[in-house]
Amino acid sequence: MSAEKRLSFDEVTAKYPDFPRLLALKIDMHRRGVAYTDRALSAFDPSVHQGGGTHIFGTRDGKLTARPEALTLRDGTSVIATPTPIEQNPYIVDLIDDKLMITDRGEAIDETFFWDKPDYYDKRTSSGAIMQNVVSARPQRLYVVPNRYCHFWTENSGGGGCKFCDIVNNLKTQREEIEMPTRITIKDVGETIDEALKEKGRFTAIALTSGSDYRGEKPFDKEVDFYIEILQAIGERFETDRFPAQLICTAFSKEQIKRIYDNTGVTSLTYNIEVFGESIFNAVCPGKAKWVGYKEWKKRLCDAVEIFGESRVNTGIVAGVELAPPYGVKSEEEGLKLLLSEAEDLAKNGVSSVNVVWQPRPGSFFGAKHNQTIGSLEYYVRLSIGLQELRLKYGLSIDFDDYRRCGNHADSDLARVFQ
Ligand code: SF4
């Protein structure tokens with residue numbers, strides 16, 4: 001990357017006055033990460049607050065020790081920033097006058113809050129599994145991860161895991177430290193959902209995601225079959241044919257995704273392309289490139305709109321990876337042009353794009369082998385505005401993946417402000 005001048009937090013918020021300040025703070029916390037003082041951790045009560053460790057991906061400091069899962073800002077915005085080594089200059093969360101505060105270089109920036117732990121979290125299923133390891137929670141969404149292993153990581157996959165991803169290394173740590181099963185049973189999921197739904201009014205949606213599994217008669221048939229079984233088991237808990245469920249999965253063939261749609265109550269679909277730009281995608285996501293391919297991934301997203309409808313299909317990008325040497329573009333201007341033009345190509349066909357801030361993790365290829373510098377705050381602010389503006393231009397809603405459902409995308413958080 002060229003050494004473009006990077007604006008400070010205050011300079012960015014002054015330059016973009018219509019962009020919510022707390023949302024800019026969220027983005028910056030995702031960029032830089034967070035660290036907790038001992039005083040802040042003394043306010044963390046594991047019987048009341050949601051602890052981390054159950055997420056499919058790991059932390060920036062590579063540790064799983066009991067700490068807050070994430071934070072909420074005063075306007076209800078979720079901040080899903082993971083504990084980050086102090087030498088990487090994270091925001092510091094401190095306890096000041098009995099209030100949990102986000103601080104930077106000793107200056108208090110704003111108040112923040114730990115997430116409330118769901119009532120079901122510490123209970124066990126009849127098989128003995130800890131329920132939070134079967135279904136974890138965003139504040140208002142249940143998050144089911146049926147399979148935490150990604151087969152692109154196996155030596156004979158002919159591809160390879162995505163270079164920013166630490167899923168398999170994180171699973172190894174989770175297995176050792178928190179009784180995390182690699183693959184959960186349908187009975188465990190059903191029992192956990194039953195228990196979670198007893199907390200009336202808390203959860204608005206269910207999301208499913210897993211590592212990719214290319215095995216089967218046709219590639220990915222096994223992954224498809226498992227999702228159908230799980231979604232059917234969850235669907236039995238609802239009185240309606242369809243229920244608010246988002247499937248986040250490999251880009252399946254049209255026939256496969258139709259099979260899922262026709263045999264379950266799923267209502268929205270996410271095929272994460274991860275990285276825009278074919279040559280960068282090929283280098284950074286070799287498993288996806290080999291088993292599906294970039295153009296085919298985009299085509300399958302558009303095909304899925306025919307089944308799910310417009311505003312029911314989206315794709316996620318790990319924004320910032322497109323800037324990473326040696327595969328990425330050379331400047332942020334080039335990066336924004338690439339991301340927004342590819343997103344527009346999809347938006348024309350009824351597909352939304354959402355971004356997460358790339359948070360390099362030590363268990364990933366990039367995190368372990370490169371000291372990457374991620375994009376500037378202004379880059380992410382402009383990208384978030386651009387992605388939400390595309391939704392407005394093409395009349396797309398993102399209500400299945402917004403601040404109340406996922407909470408990890410600044411651009412879809414904007415949907416409640418930019419309408
Ligand atoms: S497909 Fe890529 S991002 Fe998804 S779990 Fe596998 S390696 Fe990670």
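Both ligands and their constituent atoms are indexed starting at 1 by order of listing. Keep in mind it's a predicted model, so treat the numbers as computed, not measured. Just so you know, these numbers use all the heavy atoms, side chains as well, and skip hydrogens, waters and symmetry mates.
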* Distance to 0.1 Å, residue and atom name: give those for the protein heavy atom nearest to atom 1 (S) of ligand 1. => K288 CE, 3.4 Å

* To do: Measure centre to centre between the rings of F276 and F281, then say whether the value is under 6.0 Å.
  => no

* Asked: Under the side chain to side chain contact (heavy atoms under 4.5 Å, CB included) test, which residues partner T77, sequence neighbours left out?
  -> L23, K26, L73, D75, D413, R416

* Contact atoms of ligand 1, heavy-atom distance to E274 under 4.0 Å -> 3 (S)

* With the side chain counted from C-beta on, respond yes when D119 and K198 share a heavy-atom pair under 4.5 Å apart, and no when they do not. => no

* **For F238, ring pair (Phe, Tyr, Trp, His ring centres under 6.0 Å) partners two or more places apart** => F243

* Asked: For atom 8 (Fe) of ligand 1, which protein N/O/S atoms are closer than 2.8 Å?
  -> C165 SG

* Asked: Using 30° and 60° as the class limits, which term best fits the ring planes of Y214 and F152: parallel, tilted or perpendicular?
  -> parallel

* Within a strict 4.5 Å, meaning less than it, do heavy atoms of the C285 and I273 side chains meet? -> no

* For K254, which residues count as a side chain to side chain contact (heavy atoms under 4.5 Å, CB included) partner, sequence neighbours excluded? -> D303, E306, I307

